[in-house]
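Let me begin by presenting the structure, written as structure tokens, before commenting on it.
By convention here, the first residue in the shown sequence is residue 1.
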Amino acid sequence: MLCILLNYLRYYDVYKEETFKMLLDYLLFFLYVVLKVYRLNEMGSDVIDPLELLSNKNQREPRFLSSVYNPVAAALSGFGLAAFLNWGFRRPIFSGIQKHIGFAIAGGLIGKYLDEKRDEYFATRDAILRHYVELHPEDFPPIPRKKYADVLERWVPIR
């Protein structure tokens with residue numbers, strides 16, 4: 001967010017002083033270097049192994065919202081469906097609150113079921129891909145990890 005703001009200040013000539021623009025250039029370059037070093041330290045090894053990418057050895061923890069989002073969204077959709085039905089039949093929107101509660105519970109259960117089925121589908125897909133990579137290792141050699149310095153050109157501010 002800070003980078004976007006600094007780029008906005010730099011490229012849209014909000015401030016006309018050259019020293020301020022030069023300071024922004026140095027600050028952007030410093031942020032770029034800090035992010036680059038942080039990401040390199042986060043990566044770990046120097047090669048990308050396809051089997052390591054496909055196997056989850058409890059290295060990645062699911063986020064809180066990933067397990068809650070689908071059931072809550074489906075429960076809200078069920079509640080909204082009950083309100084829409086009441087509106088369609090020209091009744092007060094919140095009349096028959098038991099219908100709203102029932103549709104919300106049913107929506108939450110359906111959302112939880114679909115979430116489990118989706119996780120099961122992705123686990124099966126990853127197992128099939130992992131098995132294929134294990135059977136054909138010559139088609140999937142480890143790839144050396146490229147560094148930003150090898151891919152990106154040198155950054156020079158244009159004045």
Side-chain angles (χ1 to χ4, degrees), residues 1-12 14 24 27-28 30-152 155:
M1 186 68 172
L2 181 63
C3 289
I4 294 171
L5 177 67
L6 291 174
N7 272 325
Y8 173 79
L9 291 174
R10 181 178 179 276
Y11 288 113
Y12 292 104
V14 173
L24 283 177
L27 188 58
L28 278 174
F30 176 74
L31 286 173
Y32 168 74
V33 170
V34 167
L35 288 174
K36 182 177 175 182
V37 169
Y38 176 73
R39 287 186 180 149
L40 283 176
N41 289 339
E42 209 174 63
M43 280 192 240
S45 67
D46 291 337
V47 293
I48 301 172
D49 187 18
L51 278 176
E52 184 180 326
L53 287 176
L54 289 172
S55 63
N56 181 13
K57 299 175 183 170
N58 295 328
Q59 295 171 347
R60 287 174 267 151
E61 295 179 9
R63 297 179 187 254
F64 171 71
L65 284 180
S66 66
S67 63
V68 174
Y69 179 77
N70 286 335
V72 168
L76 289 175
S77 298
F79 187 86
L81 177 64
F84 181 73
L85 287 174
N86 280 346
W87 176 79
F89 287 122
R90 298 193 182 271
R91 298 176 64 199
I93 292 179
F94 293 112
S95 67
I97 195 68
Q98 71 277 5
K99 187 183 345 177
H100 292 74
I101 294 171
F103 274 106
I105 290 172
L109 292 175
I110 289 171
K112 184 71 172 166
Y113 174 76
L114 290 176
D115 207 20
E116 289 171 0
K117 282 297 179 185
R118 183 188 58 136
D119 290 343
E120 181 182 316
Y121 168 76
F122 285 136
T124 305
R125 185 194 66 178
D126 288 348
I128 290 170
L129 289 174
R130 191 178 319 110
H131 181 66
Y132 184 80
V133 170
E134 287 172 355
L135 290 178
H136 305 284
E138 66 277 356
D139 293 337
F140 302 98
I143 302 167
R145 190 178 301 273
K146 293 181 181 178
K147 296 183 180 180
Y148 286 121
D150 300 335
V151 177
L152 298 177
W155 183 70

Q: Identify, with sequence neighbours excluded, every residue that meets side chain to side chain donor-acceptor pair (under 3.5 Å) alongside K99.
A: N86

Q: Drop me the distance from L129's CG to F122's CZ, to the nearest 0.5 angstrom.
A: 11.5 Å

Q: Kindly give the heavy-atom pair with the smallest separation between G78 and F103, and that separation in Å.
A: O-CB, 3.2 Å

Q | Approximate separation, where rounding is to 0.5 Å, of L114 CG and L109 CG | A | 11.0 Å

Q. Which atom names give the shortest non-hydrogen contact between A74 and G107, and what distance separates them?
A. CB-O, 2.9 Å

**Q.** Interatomic spacing from CG in D119 to CG in N70 - rounded to 0.5 Å
**A.** 9.0 Å

**Q.** Ring centres under 6.0 angstrom apart (H136, F140)
**A.** no

Q | Pair Y113-K117, side chain to side chain contact (heavy atoms under 4.5 Å, CB included): steps then yes or no | A | CA-CA 6 Å; Y113 174 76; K117 282 297 179 185; 3.2 Å; yes

Q.
Quick one, V151 with K147, criterion side chain to side chain contact (heavy atoms under 4.5 Å, CB included). Give me CA distance, side-chain angles, the key distance, then yes/no.
A. CA-CA 7 Å; V151 177; K147 296 183 180 180; over 6 Å; no

Q) Which pairs pass ring pair (Phe, Tyr, Trp, His ring centres under 6.0 Å) with one or both residues in residues 69-90, sequence neighbours excluded? A) F79-H100, F84-W87

Q.
Check whether T124 reaches the backbone of E120 with its side chain - one donor and one acceptor, N or O, closer than 3.5 Å.
A. yes

Q: Under the salt bridge (charged side-chain N to carboxylate O under 4.0 Å, His left out) rule, collect the residues that match up with R118, sequence neighbours excluded.
A: D115

